[in-house]
Amino acid sequence: MFVMSSPSGAGKTTLSRRLLADDPQITLSVSATTRPPRAGEVDGRDYFFVSQTRFQAMVHGHELLEYATVFDNRYGTPRAPVEAALAAGRDVLFDIDWQGTQQLQQTDAASDLVRIFILPPNLAELERRLIARNTDHAEVIAARMARACDEIRHWGEYDYVLLNEDVETCLAELKAILLAERLRRRRQLGLADFVRAMLGEAV
Ligand code: 5GP
């Protein structure tokens with residue numbers, strides 16, 4: 001369970017798209033949200049866009065692994081697709097905020113988590129990226145900047161912190177983390193049997 005958090009505008013969406021395109025082993029967890037779609041966003045690919053009522057029903061039905069309110073909108077991770085992907089031996093990428101990361105950390109799955117925080121090079125660059133995206137009004141951008149600072153204050157709760165000055169460098173760093181974490185002994189399923197067989201011991 002590969003969690004990436006960052007303030008919006010730090011380049012996380014680009015990084016996660018690139019990682020998903022380059023690595024067939026990893027699947028994106030598509031969140032449910034009550035926020036309206038932005039231009040270009042596709043239901044079921046970027047998010048499952050749901051009503052407040054449907055979201056509340058998902059909460060009550062324990063259909064979400066974690067959920068949080070961000071900018072007055074609700075976001076949550078549907079449980080079933082994540083469990084199915086993990087059971088099939090796939091890795092799952094989560095694009096969730098610090099609140100969701102804390103909730104996943106409190107579940108039985110905590111030992112499966114790899115938490116990565118992406119920092120923008122500086123706040124001016126973050127604001128420039130938010131404005132360049134041009135999908136939000138000025139007051140929304142101001143609110144996102146304030147929220148970005150709140151998000152950044154949680155950097156210390158992550159296993160890895162990457163500075164996204166250059167996408168290619170940051171992507172290479174992400175891939176290195178993913179590779180190293182996959183090679184951890186406890187994540188290499190079947191390794192004990194493999195070594196026993198190598199040594200000619202009973203499996
Ligand atoms: P945006 O509206 O810009 O797509 O996302 C706003 C924030 O919500 C981002 O920080 C994103 O990581 C976070 N987010 C998206 N999906 C989820 C989710 O399922 N759970 C939580 N806790 N945060 C989410």
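Atoms within a ligand are numbered from 1 in the order they appear, just like the ligands themselves. Note: hydrogens, waters and symmetry copies are ignored here, and every other heavy atom, side chains too, is used.
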Heavy-atom distances under 4.0 Å are what count here, so tell me which part of [X] touches ligand 1: side chain, backbone, both or neither.
{"X": "R144", "answer": "side chain"}
{"X": "Q103", "answer": "neither"}
{"X": "E66", "answer": "side chain"}
{"X": "R38", "answer": "side chain"}
{"X": "Y67", "answer": "neither"}

Worksheet item: Side chain of Q99, backbone of T69: donor and acceptor closer than 3.5 Å?
Response: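 Checked: pair present.
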Worksheet item: For A85 and V92, which heavy atoms make the closest approach, and how far apart are they?
Response: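 Of all heavy-atom pairs spanning A85 and V92, the closest is CB-CG2, 3.7 Å.
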Worksheet item: Do you know the tightest heavy-atom contact between I152 and F117?
Response: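 Heavy atoms only, the tightest pair is CA-CZ, 3.7 Å.
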Which ligand 1 atoms are under 4.0 Å away from a heavy-atom of [X]?
{"X": "T77", "result": "19 (O)"}
{"X": "G100", "result": "22 (N)"}
{"X": "R35", "result": "1 (P), 2 (O), 4 (O)"}
{"X": "A68", "result": "22 (N)"}

Worksheet entry | Option of least heavy-atom distance to atom 12 (O) of ligand 1 (set: N73, T33, D95, T101) |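 Selected option, by shortest heavy-atom distance: D95.
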Worksheet item: Nearest heavy atom to atom 22 (N) of ligand 1: which of D97, I96, L130 does it belong to?
Response: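 Checking each option, the heavy atom nearest atom 22 (N) of ligand 1 is found in D97.
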Discussion item. Take a 6.0 Å sphere around OH of Y67 and say whether it holds more than 12 heavy atoms from other residues, nucleotides or ligands.
Written reply: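 Atom OH in Y67 is not crowded, with 12 or fewer foreign heavy atoms closer than 6.0 Å.
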Practice prompt. Please check if atom CZ in R185 has more than 12 non-hydrogen atoms from other residues, nucleotides or ligands closer than 6.0 Å.
Written response: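 At most 12 heavy atoms, drawn from other residues, nucleotides or ligands, come within 6.0 Å of this atom.
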I need the nearest protein heavy-atom contact for [atom]: residue, atom name and distance, please.
{"atom": "atom 7 (C) of ligand 1", "answer": "V70 CG1, 3.9 Å"}
{"atom": "atom 16 (N) of ligand 1", "answer": "S31 OG, 3.1 Å"}
{"atom": "atom 6 (C) of ligand 1", "answer": "Y75 OH, 3.6 Å"}
{"atom": "atom 9 (C) of ligand 1", "answer": "K12 NZ, 4.0 Å"}
{"atom": "atom 1 (P) of ligand 1", "answer": "Y47 OH, 3.5 Å"}

Worksheet entry | Any N/O pair G76/ligand 1 closer than 3.5 Å |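 Yes, G76 has an N/O under 3.5 Å of an N/O on ligand 1.
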Practice prompt. Would you check, one step at a time, whether the test side chain to side chain contact (heavy atoms under 4.5 Å, CB included) holds for R187 with V114?
Written response: CA-CA 12 Å; R187 294 207 176 99; V114 178; 3.7 Å; yes
Worksheet entry | Sub-4.5 Å side-chain heavy-atom contact between S31 and D95 |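 Of all side-chain heavy-atom pairs linking D95 with S31, none is under 4.5 Å.
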Item to complete: Flag the pair N164 / T14 as yes when at least one side-chain heavy-atom distance between them is below 4.5 Å, and no otherwise.
Response: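 N164 does not reach T14 side chain to side chain.
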Worksheet entry | Residue that, paired with L104, satisfies side-chain contact (heavy atoms from CB on, under 4.5 Å) out of D112, V3, V82 |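 It is V3; the other options fail the test.
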Practice prompt. Could you give me the CA-CA distance, side-chain angles and deciding distance for Y160 and E181, then say whether side chain to side chain contact (heavy atoms under 4.5 Å, CB included) is met?
Written response: CA-CA 11 Å; Y160 299 90; E181 291 288 344; 2.5 Å; yes
Discussion item. Between the side chains of D150 and R153, is the shortest nitrogen-to-carboxylate-oxygen separation below 4.0 Å, so that they form an ion pair?
Written reply: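 Salt bridge between R153 and D150, a charged N being under 4.0 Å from a carboxylate O: yes.
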